[in-house]
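Below is one structure, written out as structure tokens, with a few remarks after it.
A quick note: this is a predicted structure, and the numbers were derived from the prediction, not measured. In this chain, residues are counted from 1 in sequence order.
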Amino acid sequence: MTLVHFPRMTIQPFDAKGAPKGQPIVVQGDTNKGGTITAEISGLSSNALKVAASDIEYWISQEGVGEVSVDFTLIDIPADSEAIILGQKTVESGITYGYYPLSS
């Protein structure tokens with residue numbers, strides 16, 4: 001795991017077809033617009049593959065990377081931006097719903 005700090009993050013939402021949807025959301029520490037804290041990167045090292053021969057570990061291969069993932073820690077993201085990032089739906093009355101359609 002690698003922990004990094006960074007000053008700015010740009011998030012571009014996409015629609016169901018993979019096209020950019022709306023303007024990118026920029027989180028950079030502006031007052032009441034949220035800020036970045038950390039990004040925790042894991043899975044950069046690969047798992048060792050051990051091949052046994054003649055009852056010993058004859059050959060060890062460790063190529064590539066594992067399953068790379070990153071967890072971001074952000075603070076004070078505006079509710080409308082958070083809803084867009086999480087894929088939630090906000091109706092005209094201002095209520096935000098977590099909408100998760102069933103796949104067929």
To the nearest 0.5 Å, how far apart are [atom1] in [X] and [atom2] in [Y]?
| X | Y | atom1 | atom2 | value |
| --- | --- | --- | --- | --- |
| I25 | K33 | CD1 | NZ | 12.5 Å |
| D80 | T96 | CG | OG1 | 8.5 Å |
| I85 | F72 | CD1 | CZ | 10.5 Å |
| M9 | I37 | CE | CD1 | 12.0 Å |
| I11 | I77 | CD1 | CD1 | 6.5 Å |

query = Between V26 and I84, is there a shared hydrophobic cluster once you connect ILVMFWY residues whose side-chain heavy atoms come closer than 4.5 Å?
reply = no

Is the backbone of G34 close enough, under 3.5 Å, to the side chain of Q28 for a donor and an acceptor to pair up by distance?
-> no

Of the non-hydrogen atoms in [X] and [Y], which two are nearest, and what is the gap between them?
| X | Y | value |
| --- | --- | --- |
| P13 | P24 | CD-CA, 4.5 Å |
| T90 | A83 | OG1-CB, 3.9 Å |
| P20 | F14 | N-CD2, 3.6 Å |

side-chain contact (heavy atoms from CB on, under 4.5 Å) test vs T36 passes for just one of T73, I75, V27, namely V27

- Task: Taking atom CD1 of I56 as the centre, report whether more than 12 heavy atoms of other residues, nucleotides or ligands fall under 6.0 Å from it.
- Result: yes

I'd like to know whether CD of Q12 has more than 12 heavy-atom contacts from other residues, nucleotides or ligands below 6.0 angstrom.
yes

